[in-house]
There are 2 protein chains.
Amino acid sequence: MDKSKIKDDFRSFLVEKGLKSTRQREEILDEFLRDGAHLSAEDLYMRVRSNNPRIGYATVYRTLKLFAECGIAEQRQFGDGQTRYESTTVDEHHDHLICTCCGKIVEFEDPEIEHLQEKVAAAHGFIIERHRLNLFGRCRDCQAS
Amino acid sequence: MDKSKIKDDFRSFLVEKGLKSTRQREEILDEFLRDGAHLSAEDLYMRVRSNNPRIGYATVYRTLKLFAECGIAEQRQFGDGQTRYESTTVDEHHDHLICTCCGKIVEFEDPEIEHLQEKVAAAHGFIIERHRLNLFGRCRDCQAS
DNA sequence: CCCCAAATGAAAATGAGTCTCAATTTAATT
DNA sequence: AATTAAATTGAGACTCATTTTCATTTGGGG
């Protein structure tokens, strides 16, 4: 949750990889951290643009991939055809409840489920690196209609 | 698992919807049921083509969507940019272990996990319609490298 | 300050999936 | 068997997210 730590992480990552720290990358990261959960490249592009209209589409895409590679963001697919990115704080990640009616997304975590996942994986000889759990259904509001 | 029952299901579905049973749909369904777990439209197109090169791309896409609508197939995204379809037997569905190294996909089911999912969803006021659980990691063979 | 590898932006390219439309086929009806 | 209306098909055009290309600009070590 500490934004300046995340920024430092990213800068270190760039140095290690022999990449450069640029104004654009900083701006994109700032905007990415400003709030938005589940931002698509398009979303982020729009936001960044409103501060600095000279930033290109491709740069946003490229930078987002760097975030993922660096580990400060994770890619998600919710089935609407757009890849969405979510900022991660190292030891924290969450699963999602997605309303098939209104599209609302609720995050949750459940240690018990995680533990069972490890168990299942181990039974098949796998070592888990990450997981994706999406529950699709109807939220309370949409159960009326 | 009873292929002729699945075919009958699909035929009934077509009748109910006022749609027509065609040679192409039969051929595509036959090929779809022949084996392939996790077929992409492209995969299936290739296979169908090897029997009948006159079948079009669009027809395969359209038919696959019908399968999904009918409930004899489910769509899956494994993050490689292609939608994959998996044949379903009504009450049976599975989650996946995906090796990030060799791409191997292992299916599993765990009633305990499912139960916990229901619980979590209920706690947030959701009624689950379906879920997707993917565990990414390294399979036994790839843990060496 | 110089240099060059890396980065950028604009535009073209790609690739999965969808749509259009003229020609064909299905299946219900004469 | 012939008729017919509606559904289907195949080819290719199209969409839209994402990637690549390439000429130009920029970061930062020497």
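Note on naming: letters A, B, ... go to the chains in the order of the sequence lines (proteins, then strands), and numbering restarts at 1 for each one. From a predicted model like this one, the values you see are computed outputs, not experimental measurements.
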For C:dG9, does either OP1 or OP2 sit under 4.0 Å from a side-chain N or O belonging to A:Gln24? yes
Just how far, in rounded Å, is C1' of D:dG28 from CZ of A:Arg11? 16 Å
Considering just the side-chain nitrogens and oxygens of A:Lys20, establish if one lies under 4.0 Å of OP1 or OP2 belonging to C:dT8. no
Just compare D:dG28, D:dG12, D:dT18 and give me whichever is closest to any side-chain atom of A:Ala41. D:dT18
Using 4.0 Å as the upper bound for N to carboxylate O, is an ion pair formed by A:Asp8 and A:Lys5? no
Between D:dA11 atom P and B:Ile55 atom CD1, what is the distance in whole Å? 10 Å
Could one point to a donor on the side chain of B:Arg62 or the base of C:dG17 with an acceptor on the other under 3.5 Å away? no
Below 4.0 Å: OP1/OP2 of D:dT9 and any side-chain N or O of B:Arg25: yes
Ignoring backbone atoms, test whether A:Thr59 places a side-chain nitrogen or oxygen under 4.0 Å from the OP1 or OP2 oxygen of C:dG9. yes
Using OP1 and OP2 only, check whether a side-chain N or O of B:Thr22 sits under 4.0 Å from D:dT9. yes
Below 4.5 Å, heavy atoms only, C-beta onward: do A:His38 and A:Ile105 meet side chain to side chain? yes
Which part of the nucleic acid does A:Ser40 contact within heavy-atom distance under 4.0 Å: base, sugar-phosphate only, or nothing? nothing
Atom NE2 of B:His115: over 12 foreign heavy atoms under 6.0 Å: no
Check the distance between C:dT24's P and B:Arg54's CZ and give it to me in whole angstrom. 11 Å
Which part of the nucleic acid does A:Tyr57 contact within heavy-atom distance under 4.0 Å: base, sugar-phosphate only, or nothing? base
Just checking B:Phe10 against B:Phe67, ring centres under 6.0 Å apart? yes
Please check the phosphate of C:dG17 (OP1 and OP2 only) for any side-chain N or O of B:Tyr61 closer than 4.0 Å. yes
How long is the line joining CZ of A:Arg49 and C1' of C:dT8, in whole Å? 13 Å
d(CD, A:Glu26; C1', C:dA7) in whole Å: 14 Å
In this structure, how many angstroms lie between the P atom of D:dT26 and the CZ atom of A:Arg23, rounded? 7 Å
Within the structure, does a side-chain N or O atom of A:Thr83 lie under 4.0 Å from either OP1 or OP2 of D:dA17? no
Separation of atom CE in B:Met46 from atom C1' in C:dA16, rounded to whole Å: 14 Å
Expressed in angstrom and rounded to an integer, what is the separation of B:Lys65 atom NZ from D:dT9 atom P? 14 Å
Ring centre gap for B:Phe78 and B:His96 strictly below 6.0 Å: yes
